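The figures that follow rest on heavy atoms only: side chains count, while hydrogens, waters and symmetry mates do not. Keep in mind that what you see is a predicted model, and the values were worked out from it rather than measured. Along the sequence shown, residues carry numbers from 1.
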Amino acid sequence: MNISLCVIAYNEENYLPGLLRDVMDQDYPHKKMEIILIDSGSGDQTKRIMEQFREKNRDSFLDVLVADNPGRILSCGWNVAITRFTTDVIMRVDAHSHIPQSFVKSQVENLNRGEMVSGGMRPVIAEEESPWAATLLMAEESMFGSSVSSFRRKGERAYVKSIFHGAYRREVLERTGGFREDLGRTEDNEFHYRIRRQGYRLSMSPDIISYQYIRPNLRKMCRQKFGNGYWIGLTCGVCPGCLSLYYFVPWAFTAGILLTTVLCFAGFPWLSLVMWGAYWLLAAAMALLAVRGHKKNIRQFLLPILFFLLHMSYGIGTWAGLVRMPFWRGKHRECPSVERVREILRAKRNASQQAVSEEARDAGGQIGGDV
């Protein structure tokens, strides 16, 4: 099976060389791999690194393509990749990640079981080794600090609602279309929702593992959580069905803070005491679970506070998105990029079928003439 492995990057000169080394180390036959590298208008050496990889390794793979993403955001970049790939399957890999040697081979093995969409688990890792980085990693790894999404922690074969670093057969994309280019952080949720609506299942295999680097400091982690929450709020206006209830837990928490604070000033302080007491007890309990089995350091006492800051960032982001959503939704009820990509893929399929038909007809005529 020939596959296309695609990477979209923006200012990733620090991470991209390591990921490209991972690509070179794959134990799947390189001559069955098409590599597509897409630059989203980077201001650093990202595109230069891509071009150097192409020049050095073009003959090692089925092909190596480098393309530009004029839309700059990730969803636009994936649509560029989808309209450019030429093989049976497209696999997406984030630039801010690490894939083990068996990643592509394990994806293909899962697809060969008859699956149409394949993915795996997504543990998180830190880019540096230090007590503070280890503490941030514990906060991100914890179900309390991050998410209960299946692709983060489910260790068994299952069909799920969303996957990380997915592999998609061409047929799936021809029927589903491309990504919505008006969505930021939730483009995967909406895309996978449409795939499921088409009747396909998303197969998650524990044999498929890839890693994502956490943000290197607390400020960037909180900024990321705010952005995630913000897009959850906006997406409620165009595709609420693609969002699970657990995405709204931080929003409910911030709503509880606001409500109990108002009631406290109105003479009913006990609700505030109950809420805050329950929250900090749960945060402390989850912090104890997070440090279990790890080497202890004094920074781990900050885990409950880290949980709080991450929850607040996400919750405030969701509020901001919900406030803007009614105005934003009016301009984004439909997104033409979905149908545009579908039409391009179908046109390519029809052209390919016509070419095969003409070759068969020419071959038949040649045989008849020889006889």
Side-chain angles (χ1 to χ4, degrees), residues 1-8 18-19 21-30 32-36 61-62 74 78 81-82 85 87-125 137 140-143 146-176 179 186-214 242 244 246:
M1 178 187 294
N2 291 340
I3 67 95
S4 298
L5 190 150
C6 305
V7 179
I8 287 84
L19 179 60
R21 285 194 295 271
D22 293 342
V23 171
M24 288 298 301
D25 289 341
Q26 292 301 297
D27 56 11
Y28 193 72
H30 286 191
K32 293 185 177 182
M33 294 171 58
E34 175 184 60
I35 310 301
I36 301 179
F61 293 92
L62 181 64
L74 199 56
W78 287 122
I82 290 171
F85 89 107
T87 65
D88 308 311
V89 173
I90 186 170
M91 296 183 187
R92 52 174 296 179
V93 176
D94 289 349
H96 210 71
S97 61
H98 159 64
I99 55 174
Q101 188 177 33
S102 62
F103 174 77
V104 172
K105 183 179 179 181
S106 297
Q107 289 273 34
V108 171
E109 288 174 349
N110 198 36
L111 291 168
N112 282 336
R113 295 185 181 101
E115 304 296 350
M116 301 298 288
V117 182
S118 172
M121 299 178 63
R122 193 214 74 175
V124 290
I125 54 177
L137 181 60
E140 184 66 28
E141 283 182 320
S142 170
M143 184 184 300
S146 181
S147 170
V148 296
S149 295
S150 298
F151 64 72
R152 291 179 182 267
R153 57 191 86 256
K154 201 175 185 69
E156 59 188 26
R157 194 177 303 279
Y159 293 107
V160 295
K161 290 185 176 181
S162 190
I163 52 176
F164 181 68
H165 284 172
Y168 310 88
R169 290 186 184 268
R170 180 175 289 274
E171 173 194 314
V172 176
L173 302 173
E174 289 176 347
R175 292 187 59 186
T176 305
F179 283 80
T186 52
E187 75 279 0
D188 280 354
N189 303 77
E190 193 274 339
F191 181 62
H192 291 144
Y193 175 75
R194 277 188 286 115
I195 288 176
R196 290 186 283 112
R197 290 280 296 255
Q198 289 289 343
Y200 298 108
R201 296 190 295 180
L202 281 61
S203 172
M204 192 191 70
S205 169
D207 299 328
I208 303 168
I209 300 176
S210 53
Y211 302 86
Q212 187 175 48
Y213 289 100
I214 65 169
C242 73
S244 299
Y246 61 77

Query raised in the report: Closest heavy-atom contact between Gly166 and Ile163?
Result: CA-CD1, 3.7 Å

Query raised in the report: With the threshold set at 4.0 Å, does a side-chain nitrogen-carboxylate oxygen contact exist between Asp188 and Arg92?
Result: yes

Query raised in the report: Between Met121 and Ile208, is any pair of side-chain heavy atoms under 4.5 Å apart?
Result: no

Query raised in the report: Does Thr176 reach the side chain of Gln198, with side-chain heavy atoms less than 4.5 Å apart?
Result: yes

Query raised in the report: To the nearest 0.5 Å, how far apart are CG in Asp94 and CG in Leu74?
Result: 6.0 Å

Query raised in the report: Do side-chain atoms of Ser205 reach the backbone of Asp207 as a donor and acceptor pair under 3.5 angstrom?
Result: yes

Report summary line: Here the gap from Asp22 atom CG to Leu5 atom CG, rounded to the nearest 0.5 Å, amounts to 10.0 Å

Requested in this report: To the nearest 0.5 angstrom, please state how far the CE atom of Met91 sits from the CD1 atom of Ile99.
Outcome: 9.5 Å

Query raised in the report: Any donor and acceptor pair, going by atom type alone, linking the side chain of His30 with main-chain N or O of Met24 inside 3.5 Å?
Result: yes

Query - Arg113 and Arg157, any side-chain heavy atoms less than 4.5 Å apart - result: yes

Query raised in the report: Measuring from Ser102:OG to Asp25:CG, what's the distance to the nearest 0.5 Å?
Result: 11.5 Å

Report task. For the pair Lys32 and Met1, evaluate side chain to side chain contact (heavy atoms under 4.5 Å, CB included) and give the outcome as yes or no after the intermediate values. Result -> CA-CA 7 Å; Lys32 293 185 177 182; Met1 178 187 294; over 6 Å; no

Query raised in the report: Any donor-acceptor pair under 3.5 Å linking the side chain of Asp88 with the backbone of Ile3?
Result: no

**Report entry** Which atom of Gln26 lies closest to which atom of Phe103, heavy atoms considered
**Finding:** OE1-N, 3.4 Å

Query raised in the report: Tell me, do Asn110 and Ser203 make a side-chain contact under 4.5 Å, heavy atoms counted?
Result: yes

Query raised in the report: Just one of His165, His98, Gln107, Arg122 clears the side-chain hydrogen bond (donor to acceptor under 3.5 Å, both in side chains) bar with Ser210, so which one?
Result: His165

Query raised in the report: Does NZ or CZ of Arg170 fall inside the cone over Phe85's six-membered ring, less than 6.0 Å from its centre and within 45° of the axis?
Result: yes

**Report entry** Partner of Tyr200 by side-chain hydrogen bond (donor to acceptor under 3.5 Å, both in side chains), out of Glu171, His192, Glu115
**Finding:** Glu171

Report task. Ignoring hydrogens and angles, tell me if any N or O in the side chain of Glu34 forms a donor-acceptor pair with the backbone of Ile90 under 3.5 Å. Result -> no

Query raised in the report: Side chains of Ile214 and Ile125: closer than 4.5 Å at any heavy-atom pair?
Result: no

Report task. Please name the pair of heavy atoms, one in Ser118 and one in Leu111, separated by the smallest distance, quoted to 0.1 Å. Result -> CB-CD2, 3.8 Å

**Report entry** side chain to side chain contact (heavy atoms under 4.5 Å, CB included) evaluation trace for Met116 with Val172
**Finding:** CA-CA 7 Å; Met116 301 298 288; Val172 176; 3.8 Å; yes

**Report entry** Residues Glu109 and Tyr28: side-chain donor-acceptor under 3.5 angstrom
**Finding:** no

Report task. Could you tell me whether Arg194 and Glu190 make a salt bridge, using a distance below 4.0 angstrom between a side-chain N and a carboxylate O? Result -> yes

Query raised in the report: With ring centroids as reference points, do Phe191 and Tyr168 lie under 6.0 angstrom apart?
Result: yes

Requested in this report: Of all the heavy-atom pairs spanning Trp78 and Val93, show the shortest one and how long it is.
Outcome: CH2-N, 3.6 Å

Query raised in the report: Roughly how far apart are Arg175 CZ and Ile195 CD1, rounded to 0.5 Å?
Result: 11.0 Å

Query raised in the report: Can you tell if the side chain of Pro123 reaches within under 4.5 Å of the side chain of Tyr211, non-hydrogen atoms only?
Result: yes

Report task. Check for a donor-acceptor pair, side chain of Gln212 on one end and backbone N or O of Phe164 on the other, with a separation under 3.5 Å. Result -> no

Query - From Ser4 atom OG to Ile36 atom CD1, the distance as rounded to the nearest 0.5 Å - result: 4.5 Å

Query raised in the report: Would a distance-only check, ignoring hydrogens and angles, find a side-chain to backbone donor-acceptor pair under 3.5 Å from Arg196 to Leu202?
Result: no

